[in-house]
Amino acid sequence: MPTLGTQNISTSYTQLLKTNLIGGLDPTLQVITDGDDTSSALELSTVGVRSTGTLNAVGATTLASTLAVTGAVTLSSSLGVTGAATLSSSLGVTGAATLSASLGVTGAVTLSSSLGVTGVATFSSSISATTGTATIGTATISTATISTATIPTINGVTTFATGFTSSTGTNTLGTIASTTITNTGLVTVGTPEIGATGPNITKVSFGTAAFTGSTFQDLDSATAGSNVTTGTFTVTGAALGDIVFGGLTSIGSSTGTNATLAQRLIPSFRVESADTIRYVILNTDTVSHGTTPAGTLYATAMRFAT
């Protein structure tokens with residue numbers, strides 16, 4: 001376009017931008033029009049600027065004061081905000097966004113790159129990070145739902161006021177302080193501690209074996225036979241020094257010359273050698289003798305450390 005100095009006013013006045021007031025700019029926003037009085041999307045005053053249309057920043061934009069946005073904001077480059085930024089609609093960022101102050105977002109936030117926040121970030125709606133890495137220091141979360149196998153890494157303290165749900169994937173947690181833990185699936189626990197200063201459970205082993213049945217004589221009987229039955233079965237992981245407890249499912253069905261035979265039979269379990277449990281069932285009655293039917297032996301070996 002040629003300069004105005006080479007044109008007549010009658011043919012070039014439409015190229016000029018002007019305010020609606022004869023006195024020019026004042027503290028009140030005025031629509032900027034051209035010489036033919038066609039309104040633009042730009043409003044100016046001595047104290048501010050407003051656009052009623054789309055505002056695009058293709059280069060770096062730095063705001064030293066507050067940014068208030070009521071519509072959608074799309075940035076194709078970096079945005080640096082040193083004051084507070086409040087967005088009442090969606091924020092789409094395709095590049096890096098670094099905020100050194102507070103960010104308050106009442107709508108949805110979608111990030112296709114990384115987001116670094118050095119101040120406080122409060123999200124009253126959902127936050128979705130489709131790609132990139134989200135690193136969070138201290139997080140206070142009322143409800144967290146993780147539906148993918150992507151494992152979040154949390155460097156600081158995390159407080160969950162309500163439920164923590166992970167539908168897939170693995171969650172690795174360090175120290176857990178909880179008054180109640182409810183789990184409906186499989187949990188792998190390292191070394192649980194009993195109480196604040198109690199011992200640690202370092203190993204729990206469990207095993208079962210078939211019991212074919214046995215006949216018991218009374219304690220003082222002169223008849224051939226024994227008032228004791230004993231044997232061994234495998235419990236993988238059991239070791240000498242473990243505390244063992246167990247039982248026999250059919251001991252309560254024992255029958256004999258005295259109706260109290262089942263009450264007089266005393267089972268005991270101990271580790272005989274690595275992976276091997278010795279069971280002993282003793283008839284302590286001096287009168288009654290009889291039979292215990294077939295059943296199942298079971299034993300649990302527990303190992304503790306201070």
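On a predicted model such as this, the values are computed, not experimentally measured, just so you know.
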- Taking the side chain from S226 and the backbone from V228, do they hold a donor-acceptor pair closer than 3.5 Å? yes
- Query: Out of D34, D37, D36, which one pairs with K18 under the salt bridge (Lys or Arg N to Asp or Glu O under 4.0 Å) rule?
  - Reply: D37
- For A41 and G53, which heavy atoms make the closest approach, and how far apart are they? CB-N, 3.7 Å
- Message: Test question: given the 4.5 Å side-chain rule for I, L, V, M, F, W and Y, name all other residues clustered with Y298, or answer none.
- Response: F206
- Please round to the nearest 0.5 Å and tell me the distance separating atom CD of Q30 and atom OG1 of T33. 9.5 Å
- Task: Decide yes or no on side chain to side chain contact (heavy atoms under 4.5 Å, CB included) for V49 and L42, but give the supporting numbers first.
- Result: CA-CA 7 Å; V49 178; L42 180 65; 3.6 Å; yes
- Message: Using every non-hydrogen atom in the two residues, find where H289 and F216 come nearest and quote the distance to one decimal.
- Response: CB-O, 3.0 Å
- T28 OG1 to E43 CD distance, which is reported to the nearest 0.5 Å: 11.0 Å
- Side-chain heavy-atom pair L44, L25 within 4.5 angstrom cut-off: yes
- Could you pull out the closest heavy-atom pair between F233 and G207, with the gap in Å? CE1-O, 3.9 Å
- Run the numbers on I277 and V271 for side chain to side chain contact (heavy atoms under 4.5 Å, CB included), then give the verdict. CA-CA 5 Å; I277 299 297; V271 178; 3.8 Å; yes
- Item | Smallest separation among heavy atoms of A262 and G252, with atom names | CB-O, 4.1 Å
- Item | Point-to-point distance, once rounded to the nearest 0.5 Å, from OG of S254 to CG of L265 | 5.0 Å
- Task: Find the distance between OG1 (T306) and CG (N200) and round it off to the nearest 0.5 Å.
- Result: 8.0 Å
- Just wondering, do L297 and T208 contact through their side chains at under 4.5 Å, heavy atoms? no
- Message: Is there a side chain to side chain contact (heavy atoms under 4.5 Å, CB included) between T276 and V235? Walk through the geometry before answering.
- Response: CA-CA 6 Å; T276 302; V235 173; over 6 Å; no
- Task: Verify, without hydrogens or angle tests, whether T284 (side chain) and R264 (backbone) share a donor-acceptor contact under 3.5 angstrom.
- Result: yes
- Hey, mind stepping through F304 and K203 against side chain to side chain contact (heavy atoms under 4.5 Å, CB included) and telling me if it holds? CA-CA 7 Å; F304 294 84; K203 182 73 174 178; over 6 Å; no
- Do any N or O atoms from the side chain of D285 and from the backbone of S288 form a donor-acceptor pair under 3.5 angstrom? yes
- Kindly compute the distance separating CG (L29) from OG (S45), expressed to the nearest 0.5 Å. 4.5 Å
- Going from OG1 on T215 to CG on N283, what distance comes out if it is rounded to the nearest 0.5 angstrom? 11.5 Å
- Item | Where A238 and S205 come nearest, the two heavy atoms and their spacing | N-OG, 3.6 Å
- Do I281 and I266 come close enough that some side-chain heavy atom pair is under 4.5 Å? no
- Query: Should F269 and L240 be regarded as members of a common hydrophobic cluster, given that ILVMFWY residues are connected when their side-chain heavy atoms come within less than 4.5 Å of each other, either directly or indirectly?
  - Reply: yes
- Note on the structure: For R278, the side chain to side chain contact (heavy atoms under 4.5 Å, CB included) test, sequence neighbours excluded, returns T230, T232, R270, E272, V280
- Task: Quickly, which of I243, I201, D242 forms a side chain to side chain contact (heavy atoms under 4.5 Å, CB included) with R303? Name it, please.
- Result: D242
- Note on the structure: Shortest non-hydrogen pair, I32 vs S40, comes out as O-OG, 2.6 Å
- Is a side-chain N or O of T292 found less than 3.5 angstrom from the main chain of G213, in a donor-acceptor match? no
- Message: Under the side chain to side chain contact (heavy atoms under 4.5 Å, CB included) test against F211, which residue among L248, T249, T296, I251 passes?
- Response: L248
- Note on the structure: The side chain to side chain contact (heavy atoms under 4.5 Å, CB included) partners of T212 (sequence neighbours excluded) come to none
